[in-house]
Amino acid sequence: MQGGVRKRGDNWYYYFEAGKVNGKRKKIERKGGSTKKEAQIALRNAIAEFEQKGNTILESNISASDYLDYWFKNYVLINCKYNTQQYYRGIIDNHIKPYFGSYKLKQISSKSLQEFLNKKFLDGFSKSSISNFNGVLQKAFRMAVDPYNFIKKNPASSIHLPKFDESLKDDKLKVISRDDFYKIIARFPEGSSFYIPLQIAFHTGMRASEVCGLTWDYVDLDKRIIKVRQILILKGSTIEFGTPKTTSSNRDILIGETLVDILKKHKKRQEKNKQDYQEHYMNSNFVCTKENGQVITMNTLKYLSRVVNYELCINFNFHSLRHTHATMLLESGANPKDVQKRLGHNRIATTLDTYSHVTETMEKSTINLFEQFLKK
């Protein structure tokens, strides 16, 4: 980019040509000083600033730690949901910064990033965790090149996940049997704070945050539909509503007569509790509440999981009910596309990959049906 200087009156001015506006040339002219030399220096500085507009941090000075904070503030906080923000923050603060934080961003090589992933592998981290570490590195370093222009080349572009021995992988989902579910219900029967969350998750496959965030205005007992439109978010001790995980997670779930009857009884019980507690009732529109109206949160459900694991000796977490619901549907012959919609998966491939152990059973059943047809 070229420009020039000229004298007007007692002062020197610099000028240069900027981008075109509406097809017309745009010229920038500013006072540069009282001498020609001052104006020439001001011209060079102005052109450099113009060409580097927005790059307020010099590449040679920014550390990996500062850049990750910059990326988190300018990308993650703006584009990601709260739970994802918290998860990325944990990866950055607990794993990436302790390893790379003191280095300058431009010093980090593909070799050092690969060594980082390899070390996490040797330390015993799961494939899922290492994939998440890799995902953060890939996104952050790609954006460091474009649009942020902090570095010229993305060192993460050539790294890869360590190879896991698939034969040693325990990829079985936590799926409980119907008998185990009845044992859990016997431990937390009707009237218990956990009875309704358990029944909703078992009968719908909803996620914990969706169950806890469910309010009565999204439950139509006449049409037998639960509408998933919001989730519960915990920000410290503050409870807020958030949007579901993906666009497909916004869904209408048809429910059966069994759950409808359970919810009708529960709604009457809530009304009675309101009368009994009067001004001490924590009035809310949440479906899943304690006797005094206090909302059940995901943290509350962790206690439920501990009791089931250690007292009932059942390998369980609340997400097990989602897997159990899907598995039972597929094993009963439900169309995988319908299960995908019910669970709120974006792609049918997600459903089929997650429940591949079930689809293998379905394939055997299919060939058995074909063999039976041939024998007729």
Visitor: Considering only NZ, NE, NH1 and NH2 on the basic side and carboxylate oxygens on the acidic side, decide whether K111 and E115 come within less than 4.0 Å.
Guide: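 Looking at E115 together with K111, the answer is yes, because their closest N to O distance falls below 4.0 Å.
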Visitor: With sequence neighbours excluded, what pairs up with D69 under the side chain to side chain donor-acceptor pair (under 3.5 Å) test?
Guide: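 Partners of D69 under the side chain to side chain donor-acceptor pair (under 3.5 Å) test: R89, K97.
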Visitor: Hey, what's the ring geometry for Y75 with W71, parallel, tilted or perpendicular (30° and 60° as the breaks)?
Guide: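 Rings of Y75 and W71: parallel, under 30°.
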Visitor: Quick test of your reading: applying ring-ring contact (aromatic ring centres under 6.0 Å, His included), list the pairs with at least one residue in residues 240-281, sequence neighbours left out, ordered by first then second residue.
Guide: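 Non-adjacent pairs meeting ring-ring contact (aromatic ring centres under 6.0 Å, His included): F241-F286.
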Visitor: For H95 and F116, run ring pair (Phe, Tyr, Trp, His ring centres under 6.0 Å): C-alpha distance rounded to whole Å, both residues' side-chain angles, the deciding distance at 0.1 Å, then the answer.
Guide: CA-CA 9 Å; H95 300 281; F116 167 76; 7.6 Å; no
Visitor: Please table the atom pairs, donor to acceptor, closer than 3.5 Å between any side-chain atom in residues 36-45 and protein atoms at least two apart or in another chain.
Guide:
residue : atom : partner : partner atom : Å
E38     : OE1  : S34     : N            : 2.9
E38     : OE1  : S34     : OG           : 3.4
N45     : ND2  : I41     : O            : 3.4

Visitor: Test of understanding: clusters of I, L, V, M, F, W, Y form through side-chain heavy atoms closer than 4.5 Å, transitively. Do M206 and F194 belong to the same one?
Guide: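 Hydrophobic grouping puts M206 with F194.
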Visitor: Which residue pairs pass the salt bridge (Lys or Arg N to Asp or Glu O under 4.0 Å) test with at least one member in residues 275-293, sequence neighbours excluded?
Guide: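 Listed once each, the pairs are K272-D276.
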Visitor: Verify, without hydrogens or angle tests, whether T324 (side chain) and I176 (backbone) share a donor-acceptor contact under 3.5 angstrom.
Guide: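 It does hold such a pair.
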Visitor: Can you list every salt bridge (Lys or Arg N to Asp or Glu O under 4.0 Å) pair that touches residues 185-196, not counting sequence neighbours?
Guide: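 Output for this query lists R187-E311, E190-R269.
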Visitor: Which of parallel (below 30°), tilted (30 to 60°) and perpendicular (above 60°) describes F150 and Y148?
Guide: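 Tilted, since the angle between the ring planes falls between 30° and 60°.
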Visitor: Any Lys/Arg nitrogen of K265 or D261 sitting under 4.0 Å from an Asp/Glu carboxylate oxygen of the other?
Guide: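 Answer for the salt bridge query: no.
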Visitor: By side chain to side chain donor-acceptor pair (under 3.5 Å), which residues pair with N118, not counting sequence neighbours?
Guide: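 Once residues adjacent in sequence are excluded, the partners of N118 under the side chain to side chain donor-acceptor pair (under 3.5 Å) criterion are Q114.
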Visitor: Mind checking whether L122 and L117 sit in one hydrophobic cluster, side chains of I, L, V, M, F, W, Y counted as touching below 4.5 Å?
Guide: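 As far as the 4.5 Å side-chain criterion goes, L117 and L122 are connected within one cluster.
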Visitor: Can you check salt bridge (Lys or Arg N to Asp or Glu O under 4.0 Å) on E271 and K267, steps first, answer last?
Guide: CA-CA 6 Å; E271 292 299 327; K267 197 170 187 180; over 6 Å; no
Visitor: Could you state whether L321 and V339 fall into the same hydrophobic cluster, counting links through intermediate Ile, Leu, Val, Met, Phe, Trp or Tyr residues with side-chain heavy atoms under 4.5 angstrom apart?
Guide: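 They do not share one cluster, since no chain of ILVMFWY contacts under 4.5 Å joins L321 to V339.
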Visitor: Please collect all salt bridge (Lys or Arg N to Asp or Glu O under 4.0 Å) contacts where either partner lies in residues 4-16, sequence neighbours excluded, each pair once.
Guide: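 Applying salt bridge (Lys or Arg N to Asp or Glu O under 4.0 Å) to every pair that reaches into residues 4-16, excluding sequence neighbours, yields R6-E29, R8-E29.
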Visitor: Between L77 and V136, is there a shared hydrophobic cluster once you connect ILVMFWY residues whose side-chain heavy atoms come closer than 4.5 Å?
Guide: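 Same cluster.
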Visitor: According to side-chain contact (heavy atoms from CB on, under 4.5 Å), who are the partners of S332, at least two apart in sequence or on a separate chain?
Guide: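 Here no residue qualifies.
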Visitor: Starting from Y82, walk the hydrophobic network (Ile, Leu, Val, Met, Phe, Trp, Tyr; side-chain heavy atoms closer than 4.5 Å) and list everyone else you reach, by chain and number.
Guide: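 ILVMFWY cluster around Y82 also holds I231, I233.
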Visitor: For residues S128 and S131, is any side-chain donor paired with an opposing acceptor at under 3.5 Å?
Guide: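 S131 and S128 do not have a side-chain donor-acceptor pair below 3.5 Å.
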Visitor: Sequence neighbours left out, what passes side chain to side chain donor-acceptor pair (under 3.5 Å) with D252? Give chain and number order.
Guide: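 Expected list: R229.
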Visitor: Less than 3.5 Å apart, which donor and acceptor atoms pair up between the side chains of residues 219-228 and the rest of the protein, not counting sequence neighbours?
Guide:
residue : atom : partner : partner atom : Å
D220    : OD1  : D222    : N            : 3.1
D220    : OD1  : K223    : N            : 3.0
R224    : NE   : E257    : OE1          : 3.3
R224    : NH1  : E257    : OE1          : 3.4
R224    : NH2  : E257    : OE1          : 2.2

Visitor: Distance-only check: which donor-acceptor pairs under 3.5 Å involve side-chain atoms of residues 195-203, not counting sequence neighbours?
Guide:
residue : atom : partner : partner atom : Å
Y195    : OH   : Q199    : NE2          : 3.4
Q199    : OE1  : H203    : NE2          : 3.3

Visitor: Is K27 positioned over the aromatic face of Y15, cation under 6.0 angstrom from the ring centre and no more than 45 degrees off axis?
Guide: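 Checked: cation-pi criterion met.
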